[in-house]
Amino acid sequence: MNTVDIEKLNRNNFRSMINVLSMPGSIEKVEPLFASNLLAIANTLLYSEVSFFYNGKEEFSLIEAITNAKKENEENADYVFCDELNEYTFNKGKIGTSIDPDFSSTYIFKCKKFEGLNVRLSGPGIDGFINSTLPIDKSFVKFFNEKNSYYPLGNEVFFLNDDGDITAISRTTKIEVI
């Protein structure tokens, strides 16, 4: 019987998430939990004092039982997990307050591939700029830049593909369509 060291898996996945968030445009691998990359990320982030919203097709009841995190609507959730990310979903999330900018929503978008819109990323963690492809559309870019224009308020977005690769854009990242 194979055993899984969940604490080690969470540490490794958290490190991958921090790496891609601090260097937008970079890509890291996620170690799956119960054959699911999304459940691995959820298990890494969720615990009893945070809330989440999930809109997708994966079974989340096991993560709810393990983490004891609270289900919430998308306007109040700390973590928003989704199989489809668009400006409507993104615009609903909280951005924090001037006193508590950390009371914002973090998005985890499950996608097939990172292919999509050609964009130029710039900002902290990027030497000059980097050209990348993200599974978003032009209207999302507009909403992302607008919603994150009042630093330190804003949102982080993680993109998790079917191969277990993860990339992210932080609230300090500027996106330009190329």
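Owing to the predicted nature of the structure, the values given are computational and were not obtained by experimental measurement. Every heavy atom of this structure was used, including side-chain atoms; hydrogens, water molecules and symmetry mates were not. All residue numbers in this chain count up from 1 along the given sequence.
Closest heavy-atom contact between L45 and V50: O-CG2, 4.2 Å. Of all heavy-atom pairs spanning S122 and F129, the tightest one is CB-CB, 4.3 Å.
In this structure R120 satisfies the side chain to side chain donor-acceptor pair (under 3.5 Å) test together with N131, sequence neighbours excluded. In this structure, the ring pair (Phe, Tyr, Trp, His ring centres under 6.0 Å) partners of F140, at least two apart in sequence or on a different chain, are F90.
A donor and an acceptor atom, one from each side chain of N73 and N76, are located under 3.5 Å apart. Remark: the N13 side chain and the E31 side chain contain no N/O donor-acceptor pair separated by less than 3.5 Å. For S36 and E58, the side-chain atoms include at least one donor-acceptor pair closer than 3.5 Å. A side-chain N or O of N118 and one of T133 form a donor-acceptor pair less than 3.5 Å apart.
Checked by atom type and distance alone, the side chain of S51 never pairs as donor or acceptor with a backbone atom of K71 at under 3.5 Å. A donor-acceptor pair under 3.5 Å is formed between the side chain of N145 and the backbone N or O of I175.
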Decide salt bridge (charged side-chain N to carboxylate O under 4.0 Å, His left out) for K29 and D165; before the verdict, give the C-alpha distance in whole Å, the side-chain angles of both, and the deciding distance to 0.1 Å. CA-CA 5 Å; K29 273 287 192 204; D165 296 324; 3.1 Å; yes

Could you give me the CA-CA distance, side-chain angles and deciding distance for K113 and D163, then say whether salt bridge (charged side-chain N to carboxylate O under 4.0 Å, His left out) is met? CA-CA 8 Å; K113 301 280 181 203; D163 298 327; 3.0 Å; yes

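Between K94 and D78, at least one side-chain nitrogen of the basic residue sits less than 4.0 Å from a carboxylate oxygen of the acidic one, meeting the salt-bridge criterion.
For the atom pair OH (Y107) and CG (N155), the distance works out to 5.0 Å, reported to the nearest 0.5 Å.
Ring geometry for F52 against F60 counts as tilted: the plane angle lies between 30° and 60°, on a 0 to 90° scale.
Two residues are said to be in side-chain contact when any heavy atoms from C-beta on lie closer than 4.5 Å; F34 and L62 meet this criterion. Residues K110 and I41 fail the side-chain proximity criterion, which asks for heavy atoms closer than 4.5 Å.
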